[in-house]
Amino acid sequence: AFERGEPSEPQDSRQLCCEMLGGVVQRLSSEQIEDSFLQKALSLCQDTDYTVRTSMCRQLSGISRAIGLDRAKAAVTKELFELLADEEKEAR
């Protein structure tokens, strides 16, 4: 999944990466999520393509629940505020 999320990959591959990351959170501990792919997920929120940002935005809720309130506040809040100010309505 990580290779598909690289900026050099096509847009549809990056979207697939978002969906895959969102799909595995229910099977991992919060520590595994933070250690394995939280930073990748947050970087996809800043992707140059708004469809990728939108796709990752849809996954943030599940990721936030999986890592817990305190960790989500520390790690995800900044990205949420940036997405709220996104120039594309769909990403908001």
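Only heavy atoms go into these numbers, but all of them, side chains included; no hydrogens, no water, no symmetry mates.
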Item to check | Contacts of type side chain to side chain contact (heavy atoms under 4.5 Å, CB included), residue E82, not counting sequence neighbours | outcome: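 Applying side chain to side chain contact (heavy atoms under 4.5 Å, CB included) to E82 gives Q46, K78, E79.
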
Next on the checklist: For T54, give me all partners under side chain to side chain contact (heavy atoms under 4.5 Å, CB included), at least two apart in sequence or on another chain.
Outcome noted: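 So T54 forms a side chain to side chain contact (heavy atoms under 4.5 Å, CB included) with Y50, R58, E90, A91.
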
Checklist entry - So which residues get pulled into F81's cluster when ILVMFWY side chains under 4.5 Å apart are joined, directly or through others? => result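 L84, all in the cluster of F81.
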
Checklist entry - Other than L69, what residues sit in its cluster of Ile, Leu, Val, Met, Phe, Trp and Tyr side chains whose heavy atoms are under 4.5 Å apart, directly or through others? => result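 Besides L69, the hydrophobic cluster comprises nothing; the residue is isolated.
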
Checklist entry - Between S55 and V52, is there a donor-acceptor pair closer than 3.5 Å when you use the side chain of the first and the backbone of the second? => result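 Flag not set: sc S55 to bb V52 has no pair under 3.5 Å.
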
Measure the spacing between [atom1] of [X] and [atom2] of [Y] and express it to the nearest 0.5 Å.
| X | Y | atom1 | atom2 | result |
| --- | --- | --- | --- | --- |
| E3 | S8 | CD | OG | 10.5 Å |
| M56 | L83 | CE | CG | 9.5 Å |
| L28 | I67 | CG | CD1 | 12.5 Å |
| L44 | C57 | CG | SG | 12.5 Å |
| R65 | Q26 | CZ | CD | 8.5 Å |
| S13 | E6 | OG | CD | 11.5 Å |

Item to check | Partner residues of D12 under the salt bridge (Lys or Arg N to Asp or Glu O under 4.0 Å) criterion, sequence neighbours left out | outcome: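 Testing D12 for salt bridge (Lys or Arg N to Asp or Glu O under 4.0 Å), a comparison that skips the adjacent residues, returns none.
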
Item to check | D47 and its side chain to side chain donor-acceptor pair (under 3.5 Å) partner, picked from Q11, R14, R53 | outcome: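 By the side chain to side chain donor-acceptor pair (under 3.5 Å) criterion, D47 pairs with just one of Q11, R14, R53: R14.
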
Next on the checklist: Filter on salt bridge (Lys or Arg N to Asp or Glu O under 4.0 Å), then keep only pairs touching residues 19-37, sequence neighbours left out; what's left?
Outcome noted: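 Every pair satisfying salt bridge (Lys or Arg N to Asp or Glu O under 4.0 Å) with a residue in residues 19-37: E31-R71, E34-R71.
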
Next on the checklist: Using every non-hydrogen atom in the two residues, find where A75 and L42 come nearest and quote the distance to one decimal.
Outcome noted: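 Looks like O-CD1, 3.5 Å.
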
Next on the checklist: If I compare all heavy atoms of S64 with all of V76, which pair ends up nearest, and what's the gap?
Outcome noted: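 Heavy-atom minimum between the residues: OG-CG1, 3.6 Å.
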
